Number of protein chains: 2
Amino acid sequence: MNISTKFPVAVHTLILLSVSEPGTATSEFIASSVNTNPVVIRRITGMLGRAGLVEARAGVAGSRLRRPLEDITLLDVYKAVNAVGEGELFAVHDSPNPNCEVGRNIQAAMNPIFIEAQRAMERVLENTTVAAVAGDVSQLEGLGGLEALAAICPPAPAGTSEAPGRE
Amino acid sequence: MNISTKFPVAVHTLILLSVSEPGTATSEFIASSVNTNPVVIRRITGMLGRAGLVEARAGVAGSRLRRPLEDITLLDVYKAVNAVGEGELFAVHDSPNPNCEVGRNIQAAMNPIFIEAQRAMERVLENTTVAAVAGDVSQLEGLGGLEALAAICPPAPAGTSEAPGRE
DNA sequence: TTTATTGAAACCATTGTAGTTACATTCCAT
DNA sequence: ATGGAATGTAACTACAATGGTTTCAATAAA
């Protein structure tokens, strides 16, 4: 069991948007960095768009950030892509036996704890911005910061799988 | 996406064990309270057994607690049934493009935060004992405590689905 | 008007969960 | 000892979710 990779892919996407020249971050380019299909990326940018984090228009190349990464928390992204539904991290078995004292009350007894546990997890995400993640990326790369990263990230890298190419 | 119901079912099972007379908590009885198949219960008691929380012997009816519920945290149960693997609550997309600065470092940048978020969630589970959940169950029932519950919980309740019965 | 791109629908392969059947093994009571 | 009941396990099925893929209409820019 694990949470959908839509979440980290969305973060990856936002970081790429922040370091890309306008009009260059197409779904195909992003897909080549994530190493997936452009449609998968469009599905995600669609969700990010509906959440107001990103903007794109049919026919015009690239998505654009609508807020600086400093103003986007991981929780914003997590919710935008619906990584885990509200109060749905844990599931209690449904229809336990109502004729048994335990079966009758187990759901009500467990739910508050499950909610609290999920909240604790989400609070950690809330306390980290995408900018912080981007900072870690550039740190790992041994660079000074986002600006430096922007200068180096290749506009159309060769994919590990089938390279989309720009012929 | 949500975590397997094995987890709440295991908690449900432990509470039943604590309020049942020795030899009466068979997989069939527990299944009738949880409203599932006895094999599902045996799979879970098997895992609880391997974790040292419970004991059962082939041929002899019922599982027995090996520790009081006060000494079993929800985290113990969660781990016993492998609700979420170690550091596996979140998954990062694998094989991002290594030719891109972002693709090359995104995993390392996100992982620590994911680990921390999972830990925060698990800490909440660690701070609650199964006894506390059992207490909530009996509170909801308007009873005094576990003892009272034990006296009332029917030995072989009629299931919501097919009743196993004791003919 | 041509071309590139987004947005969205539809479909498929893979995976994981839970339910189910079946059966060998073990123990207890007669 | 023998029969009945329960556990432990393997194998199979149904179902849902995920991610990848193909396809195409709509849009916009050159």
Side-chain angles (χ1 to χ4, degrees), chain A residues 1-10 13 22-31 34-50 54-64 81-85 88 90-96 156 159 161-162 164-167, chain B residues 1-10 13 22-32 34-50 54-64 81-85 88 90-95 156 159 161-162 164-167:
Chain A
M1 178 334 282
N2 47 31
I3 291 169
S4 166
T5 56
K6 280 202 293 274
F7 177 31
V9 168
T13 297
T24 64
T26 64
S27 62
E28 183 161 348
F29 163 67
I30 296 168
V34 170
N35 190 24
T36 184
N37 192 292
V39 176
V40 172
I41 299 299
R42 277 181 245 149
R43 277 205 276 252
I44 288 171
T45 53
M47 293 176 117
L48 295 174
R50 260 166 261 133
V54 139
E55 184 184 32
R57 279 159 56 211
V60 38
S63 300
R64 285 160 296 288
V81 301
N82 197 28
V84 177
E88 290 176 359
F90 295 89
V92 186
H93 51 297
D94 57 330
S95 55
S161 50
E162 17 69 85
R166 21 74 215 258
E167 62 278 336
Chain B
M1 176 335 280
N2 46 31
I3 291 169
S4 165
T5 55
K6 280 201 294 274
F7 178 31
V9 169
T13 297
T24 65
T26 64
S27 61
E28 184 161 347
F29 164 65
I30 296 168
S32 82
V34 171
N35 191 23
T36 184
N37 192 292
V39 176
V40 172
I41 299 299
R42 278 181 246 150
R43 276 204 279 254
I44 287 171
T45 53
M47 293 176 117
L48 294 174
R50 262 165 260 132
V54 139
E55 184 183 32
R57 280 160 56 211
V60 37
S63 300
R64 285 161 295 288
V81 301
N82 197 29
V84 178
E88 289 176 0
F90 295 90
V92 186
H93 49 298
D94 57 330
S95 55
S161 51
E162 16 69 86
R166 24 84 216 245
E167 61 278 336

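All chains are named by letter (A, B, ...) in the order of the sequence lines, taking the proteins before the strands, and each is independently numbered beginning at 1. In this text the structure is predicted, and so the values were computed from the model without any measurement.
- Contact between B/Val54 and B/Ser63 at its shortest, heavy atoms only, is CG1-CB, 4.0 Å.
- For the pair A/Ala56 and A/Arg64, the tightest heavy-atom approach, listed with the atom from each and the gap, is CA-NH2, 4.0 Å.
- Contact annotation: B/Arg50 reaches the phosphate of D/dT9 (side-chain N/O to OP1 or OP2, under 4.0 Å).
- Across every non-hydrogen atom of A/Val81 and A/Phe7, the tightest pair is CG2-CA, 3.9 Å.
- Considering only heavy atoms from C-beta on, B/Val34 comes within 4.5 Å of A/His93 through its side chain.
- Following rounding to the nearest Å, B/Ile3 (CD1) and C/dG16 (C1') show an atom-to-atom distance of 14 Å.
- Comparing C/dT5, C/dG7, D/dG8 by their closest approach to the side chain of B/Arg42 singles out D/dG8.
- Of all non-hydrogen atoms in B/Asn35 and A/Pro96, the two that sit nearest each other are CB-CA, 4.1 Å.
- With rounding to whole Å, A/Leu48 atom CG is found 14 Å from C/dT6 atom P.
- The distance between atom CD of B/Glu28 and atom P of D/dA5, rounded to the nearest whole Å, is 11 Å.
- As rounded to whole Å, 9 Å separates atom P of D/dG20 from atom CD1 of A/Ile44.
- Taking atom NE2 of A/His93 as the reference point, atom P of C/dA18 lies 11 Å away to the nearest angstrom.
- Within the 4.5 Å cutoff, no side-chain heavy atoms of A/Lys6 are placed close to those of A/Arg43.
- A pairwise comparison of heavy atoms in A/Glu88 and B/Asn2 identifies O-CB, 2.9 Å as the closest pair.
- A/Asn37 places its CG atom 15 Å from the P atom of C/dT5, with the value rounded to the nearest Å.
- In plain terms, the two heavy atoms of B/Ala25 and B/Ile30 that are nearest each other are O-CD1, 3.8 Å.
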Nucleotide N/O to protein N/O under 3.5 Å, stretch nucleotides 11-18 of chain D:
from	atom 1	to	atom 2	distance (Å)
D/dA11	N6	B/Arg43	NH1	3.3

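- Between atom OG1 of residue A/Thr13 and atom CZ of residue A/Arg42 there is a gap of 12.5 Å, rounded to the nearest 0.5 Å.
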Spell out protein contact along nucleotides 25-30 of chain D as letters: B when the base is contacted, S when just the sugar-phosphate is, - when no protein heavy atom is under 4.0 Å; keep the 5' to 3' order. --BSS-
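- Considering OG1 of B/Thr36 and CG of A/Asp94, their distance stands at 10.0 Å, rounded to 0.5 Å.
- Where DNA chain D pairs in unbroken runs of 3 or more (Watson-Crick or G-U, both distances under 3.5 Å), the stems are C:1-30 with D:1-30.
- OP1 or OP2 of D/dT7 has at least one side-chain nitrogen or oxygen of B/Ser27 nearer than 4.0 Å.
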One pair to check against side chain to side chain contact (heavy atoms under 4.5 Å, CB included): A/Leu48 and A/Ile44. What are the steps and the verdict? CA-CA 6 Å; A/Leu48 295 174; A/Ile44 288 171; 4.0 Å; yes
Are A/Val9 and A/Ile41 close enough, and set up right, to give a side chain to side chain contact (heavy atoms under 4.5 Å, CB included), and what steps lead you there? CA-CA 8 Å; A/Val9 168; A/Ile41 299 299; 3.9 Å; yes
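- The side chain of B/Thr36 contributes an N or O atom lying less than 4.0 Å from OP1 or OP2 of C/dG19.
- Closest contact between the side chain of B/Val40 and the listed nucleotides D/dT7, D/dT21, C/dA18 involves C/dA18.
- We find that CD1 of B/Ile41 is positioned 16 Å from C1' of D/dT9, with the value rounded to whole Å.
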